[in-house]
Engineer: 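Before we start, here is the structure in question, set down as structure tokens.
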Amino acid sequence: MNEHREINIMDQDTGKIRSSQLTRYLRPKDTAMALTALFWEEFELSRAVFGWMPAVKEFETKSQTARFGYLHNRHAKHLYERTSELPGPSLEKQSPPTQLREAFERCSLAPSESAFLAGYGVMLQRLYHNYERLQYKLDPILDAPTLDVLRIILLDRQPMLTGAHEQIFFAGSDDPNVSNEVAMWRSYVEQVWLHVDASVTGKENASLSWPTMPDVEAFGPVPSVSAWNEERFPIHIFNPQYKTAYEDPSMSVLHDSIKQMHYINATEMGAAESLCYLYYGAQQLPKPFYFDLARHLWDEVRHCQMGIRRLEQMGYSTSQFKYFKGSPGKGLQDLAAEWFPDMYASLTMVAEPCSFIKKRKSAEQFWQFDDALSAIQCEFDMADERMHVDFGKTWGPELYKQINKIITAAEMSERMRIRRVEELGAAATEEEAKTIAKNFPGFCGLSTVELNYTKY
Ligand SMILES: [Fe+2]
Ligand SMILES: [Fe+2]
């Protein structure tokens with residue numbers, strides 16, 4: 001039996017709904033189109049959330065925000081993979097639909113963390129509503145592979161809704177001015193999506209213009225200076241007396257111990273924050289770049305979490321150490337385009353490869369000290385970092401290409417090492433810098449600080 005009913009599908013080219021199929025069944029290309037629409041929602045949500053991470057003040061909310069960004073990105077990756085199995089235009093060749101990107105950017109310009117989170121809750125509910133609507137249109141046999149993908153994605157629905165709900169309350173305030181501002185922002189976000197939905201379905205009386213943005217100053221996303229501000233996580237102020245920050249004795253109470261490795265991990269929120277700026281700022285790179293970058297970013301948050309957890313388990317308090325922010329100190333519009341590839345290359349071509357030696361030695365030595373958890377942490381850290389270096393080899397040259405500079409992975413690695421040697425003032429001439437940079441272990445000795453592996 002062929003049940004005739006109109007099914008509305010958003011056309012990716014025009015952003016308009018088309019309903020040419022008068023059957024309840026979706027053709028493969030219709031399913032692909034529906035998945036593409038969901039892909040862009042997940043992708044834009046990951047961008048909004050990662051963009052806000054440096055604008056978040058507290059460690060736990062920051063970590064949770066990065067987790068949300070990572071999960072949205074994973075969902076986008078599942079949808080991307082399924083879409084590529086179906087007919088229709090390749091997602092790789094597409095950019096976010098203009099109206100959708102504008103809607104997410106409007107909803108991102110929130111006046112406070114609380115306001116952003118309240119708006120995020122609205123967008124999350126809408127997203128899951130869209131998943132459910134699609135789920136019940138799919139044929140259990142014809143669309144089984146798609147239903148399997150949706151089932152995996154929907155496993156995160158409750159944790160994400162609950163997590164967002166908790167953060168909204170944690171960030172809440174009794175101050176009536178704050179509550180009013182949050183309520184006003186939430187209502188604005190709802191109106192933005194009413195406008196989007198009305199214009200997509202072509203409803204009569206649909207307003208042609210966006211709702212008026214509240215007269216407030218945006219606090220995020222991608223603030224020029226990270227908002228991280230907690231007494232328990234004092235921020236390091238660079239002292240020119242020391243060549244590298246880690247040499248400064250005021251940074252850590254564990255300078256003379258192998259446990260310093262945990263402190264180094266604990267400082268990785270700075271690296272995660274820097275990668276948020278890249279995720280938000282990098283436009284039109286291949287989709288797998290964003291999948292790898294989200295994994296990299298989330299790993300750095302995990303490394304920070306594991307470092308802090310171990311230090312606290314050992315009886316230290318976070319306030320005995322100093323930390324780094326990852327913000328560039330300038331707004332995105334004032335930032336030289338080179339900041340992005342340079343930051344990424346110095347992380348993946350200098351800091352991460354140079355850290356292997358230290359991590360391997362630390363793992364071996366922690367086993368000697370019968371500290372299994374510390375040793376295993378170093379082993380996971382090494383496995384993750386190896387992957388990050390591979391990401392850097394793939395995407396570093398792509399990033400330089402995007403700012404109209406053609407560079408190979410080998411040249412990029414060399415350039416970063418020379419720059420580091422020059423910064424450290426270790427070479428008298430450029431030639432000497434090149435010689436030091438080529439001597440890899442020697443170079444790492446200059447770039448990082450040795451640990452006292454023999455003292456627990
Ligand atoms: Fe790391
Ligand atoms: Fe890393």
Side-chain angles (χ1 to χ4, degrees), residues 50 53-54 59 62-63 65-67 69-70 73 226 228 233 236 244-246 251-252 254 258-279 282 288-311 318 321-327 340-363 366 373-396 399 409 412-413 416-417 420 440 443-444 447-449 451:
F50 279 141
M53 191 274 239
F59 177 78
K62 229 177 223 320
S63 306
T65 307
R67 177 77 186 155
Y70 174 67
N73 178 284
S226 156
W228 197 11
F233 290 106
H236 167 68
T244 67
Y246 290 110
M251 294 289 280
S252 159
L254 287 168
I258 188 174
K259 293 176 195 159
Q260 175 83 348
M261 193 63 240
H262 297 321
Y263 161 62
I264 292 172
N265 281 139
T267 60
E268 292 187 49
M269 190 58 92
E273 281 193 339
S274 296
L275 294 177
C276 285
Y277 288 84
L278 179 60
Y279 195 98
F289 164 78
Y290 298 96
F291 303 147
D292 288 348
L293 183 58
R295 174 63 201 271
H296 190 169
L297 198 168
W298 170 239
D299 282 347
E300 302 309 352
V301 174
R302 283 172 50 235
H303 296 166
C304 179
Q305 288 176 329
M306 77 185 187
I308 286 173
R309 181 180 66 175
R310 199 76 191 109
L311 290 174
T318 54
F321 303 90
K322 290 193 179 143
Y323 304 84
F324 306 107
K325 293 184 177 191
S327 42
F340 296 95
D342 282 357
M343 175 276 291
Y344 188 65
S346 70
L347 184 63
T348 57
M349 293 290 150
V350 177
E352 292 177 325
C354 280
S355 71
F356 285 145
I357 307 161
K358 214 163 37 189
K359 282 167 189 170
R360 190 180 316 110
K361 276 199 216 168
S362 298
F366 275 127
L373 178 54
S374 294
I376 290 167
Q377 274 190 199
C378 294
E379 290 172 356
F380 272 111
D381 195 3
M382 270 192 287
D384 295 338
E385 296 302 346
R386 209 171 291 279
M387 191 167 57
H388 301 167
V389 173
D390 284 341
F391 291 162
K393 282 185 197 150
T394 308
W395 302 118
L399 280 175
M412 182 177 75
S413 165
M416 280 308 123
R417 285 176 206 164
R420 187 78 186 111
F440 196 62
F443 165 72
C444 283
S447 183
T448 61
V449 171
L451 302 185

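Order of appearance sets the numbers: ligands from 1, and atoms from 1 within every ligand. Everything numeric here is computed off the predicted structure, so don't read it as measured data.
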Engineer: Kindly indicate whether the side chain of H262, heavy atoms from C-beta on, has any atom under 4.5 Å from the side chain of L254.
Structural biologist: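 The answer is no, as the side chains (C-beta and beyond) never meet within the 4.5 Å cut-off.
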Engineer: Between H388 and E300, is a side chain to side chain donor-acceptor pair (under 3.5 Å) present by the stated rule, with each step listed?
Structural biologist: CA-CA 10 Å; H388 301 167; E300 302 309 352; 3.2 Å; yes
Engineer: Under the side-chain hydrogen bond (donor to acceptor under 3.5 Å, both in side chains) rule, collect the residues that match up with R302, sequence neighbours excluded.
Structural biologist: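 With neighbours one apart ignored, the set is D299, D384.
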Engineer: Should the pair E273-K62 be classified as a salt bridge under the 4.0 Å nitrogen-to-oxygen rule?
Structural biologist: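 Answer for the salt bridge query: yes.
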Engineer: Keeping to distances under 2.8 Å, can you name the protein N/O/S atoms close to the Fe ion (ligand 1)?
Structural biologist: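 Correct list: E268 OE1, E300 OE1, H303 ND1, E385 OE2.
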Engineer: Taking the cut-offs as 6.0 angstrom to the six-membered ring centre and 45 degrees off its axis, would you call R386 and F356 a cation-pi pair?
Structural biologist: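 Checked: cation-pi criterion met.
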Engineer: Centre-to-centre under 6.0 Å for F291 and Y70, is that the case here?
Structural biologist: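 Not close enough - the centres of the two rings lie 6.0 Å or further apart.
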